[in-house]
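What follows is a short report on a single structure.
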There are 2 protein chains.
Amino acid sequence: MKIAHTLLLATALSVTLSVPARAASDEPISPIKPAVVKDQKLVELGKKLFFDPRLSKSGFISCNSCHNLSMGGSDNLKTSIGHNWQKGPINSPTVLNASLNVAQFWDGRALTLKDQAGGPIANPGEMAFTHELAVDLLKSIPGYVTEFKSVFGQNSTVDIDEVTRAIAAFEETLVTPNSRFDKWLKGDKKALTPTERAGYELFKDSGCTGCHNGAAVGGNTFQKMGVVEPYKTDNPAEGRFAVTKEEADRFNFKVPTLRNVELTYPYFHDGAAQKLSDAVDTMGRIQLGKKFTPDENAKIVAFLKTLTGDQPDFKLPILPPSSDKTAPPKPFD
Amino acid sequence: MKIAHTLLLATALSVTLSVPARAASDEPISPIKPAVVKDQKLVELGKKLFFDPRLSKSGFISCNSCHNLSMGGSDNLKTSIGHNWQKGPINSPTVLNASLNVAQFWDGRALTLKDQAGGPIANPGEMAFTHELAVDLLKSIPGYVTEFKSVFGQNSTVDIDEVTRAIAAFEETLVTPNSRFDKWLKGDKKALTPTERAGYELFKDSGCTGCHNGAAVGGNTFQKMGVVEPYKTDNPAEGRFAVTKEEADRFNFKVPTLRNVELTYPYFHDGAAQKLSDAVDTMGRIQLGKKFTPDENAKIVAFLKTLTGDQPDFKLPILPPSSDKTAPPKPFD
């Protein structure tokens, strides 16, 4: 009797719950899933490394400098500032939900977060260090050596493979679930205002979801910047062509995620659009051949702002101090 | 009867507690007291401002860039990096326990933390902004406007006075109690090893506590750099003379706190001493006319490393996003 009752209840619940679930699965955007942390010690080590400016030649630039987790995982600059105040070639993409991308960087030249993590450290225009110097530096810091052994085992030699594995593991935790839009997707019909809901319908009906879809609302394909009408820019970036050397890939860029887009201004690979309304206008024109009215634009912007999810929620990491054996940084060499 | 019993217990406790208390009061160094937060909302606002690079012209440099709370409240550079990668004139002092200083900056030109906080924002060699632009920027950010009103009342206009009050209130929380040395001072005789204890005795007997005393183990007087023998440096800083214009103050600098000194390398106003052992050696020679043996030096260093207290313990602040009215940063102008 008790079993039958429980079964009945379970069936009733299943029916109730399946309605919003089925509705969500019909949508081109799916909710962000919370991070599943497999190795908390690895994540904690990666967090420290992410915040450690000693991985740069100057001792001044960390991963967090250009992917600032207080500011949507970006630097909110048109293009980034690198070693010796060099002007970066491209807009810094957000690290939030980067684990959902098909590949990393605007041109997808790194297939994984781990591959990406080693890039800026050794890029002369960014952190301007080398993997060898970064590893030597970490080996000179007793607190890190102990932590690497604790994470990777007593045979850990502290190498760049371990360094980038740790940074990637931390970055995998940087997903942003629980946005208002995701609450709506999951069945909370009050999570969006009528204007935001109308903006979403416009976003779909206009074709934006052709590229901006999936959990990250983008990030899963490379697309030509300027399908209907050419995109004018002084920025020399060639997009995916730089990787494949195939003419068809020229000016193809990874479609950026629109998750947390309210926080990741300015927009596009060249950072040319300071305002979200400008970005929506340009995208409509050059990708879809549509001129959104001010009212339509405002509705789409209102929808896009519902994509802001839970921001990073952890304590500021405290870094282990250097030792007498640590080579001092060289900011002005 | 109950009152008498309570009194008796109180008296007994008082006797028990007074033994270590009396011992501690005989020492030239006193324990760091935990922060007493009067206005948590003010502190939270100040924390955001401390981490916000939009208070700089470039949008890239925040208070935390040179007073990195992950690294002992300093940047661990010889001299700091300012706007456009300018080489700073002096070593960045730690913000940890700065509330205990008699005045701020190496030359004491700011009397309070509030006065100090406005300095770097408007310094062309540091954050290179102006107070007017900083305030305009904050006024353009709805999240800040709301928070200023919540903290300062509905009549808040968001001005530089409020900005620096908030930053100072946050900085006042950045004290570092519970170091091993303080535990020893409070009566836990096992908190120090015999070597560390011997180092402390040497530190006192050699005269170091003549200047490095009080809760901050320094920070409470200005002293000549090079009392017994001149200090050789290429650094042009004139010390307190720059403020008073009195010859007697030439090359007088604020005695730095030695709290968390293990984390605040390199040392001296010119950052010339990379290692703590070098700093101890130089101080012995030029301030006290003493040449410490390697064994004595090691003991003093061991003692100094017991001054590391509780490091900042809070969540990474999430900053409110800019709006369409916010002037974009100008890193390359």
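Quick note on labels: first sequence line is chain A, next is B, and so on, each numbered from 1.
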Just wondering, more than 12 heavy atoms not from [X] lying within 6.0 Å of its [atom1]?
X        : atom1 : answer
B:Lys78  : NZ    : no
A:Lys330 : NZ    : no
A:Lys305 : NZ    : no

Against chain A, work out which of B:Lys275, B:Arg54, B:Gln311 has the most heavy-atom pairs shorter than 4.5 Å and name it.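 The option with the most such pairs is B:Lys275.
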Where does [X] contact chain B at under 4.5 Å (heavy atoms): side chain, backbone, both or neither?
X        : answer
A:Glu262 : both
A:Ser65  : both
A:Tyr265 : side chain
A:Pro329 : side chain

Rounded to the nearest 0.5 Å, how far apart are [atom1] of [X] and [atom2] of [Y]?
X        : Y        : atom1 : atom2 : answer
A:Trp85  : B:Gln86  : CH2   : CD    : 9.0 Å
A:Phe60  : B:Asn76  : CZ    : CG    : 12.0 Å
B:Met71  : A:Phe51  : CE    : CZ    : 12.5 Å
B:Leu316 : A:Asp313 : CG    : CG    : 9.5 Å

B:Ser62 versus chain A, heavy atoms under 4.5 Å apart: side chain, backbone, both or neither?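 For B:Ser62, there is no contact with chain A at all, as no heavy atom is under 4.5 Å.
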Whatever's closer than 4.5 Å to a heavy atom in chain A on B:Ser323 counts as neither
Just by modelled atom types, is the B:Pro317 backbone N or O under 3.5 Å from a matching donor or acceptor in the A:Ser70 side chain?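 Such a contact is found between A:Ser70 side chain and B:Pro317 backbone.
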For B:Leu77 and A:Pro331, which heavy atoms make the closest approach, and how far apart are they? CD2-CG, 4.4 Å
Looking only at A:Asn84, A:Leu276, A:Thr326, most heavy-atom pairs under 4.5 Å shared with chain B are made by A:Asn84
Of the listed A:Ile81, A:Leu263, A:Thr264, the one with the largest count of heavy-atom pairs under 4.5 Å with chain B is A:Ile81
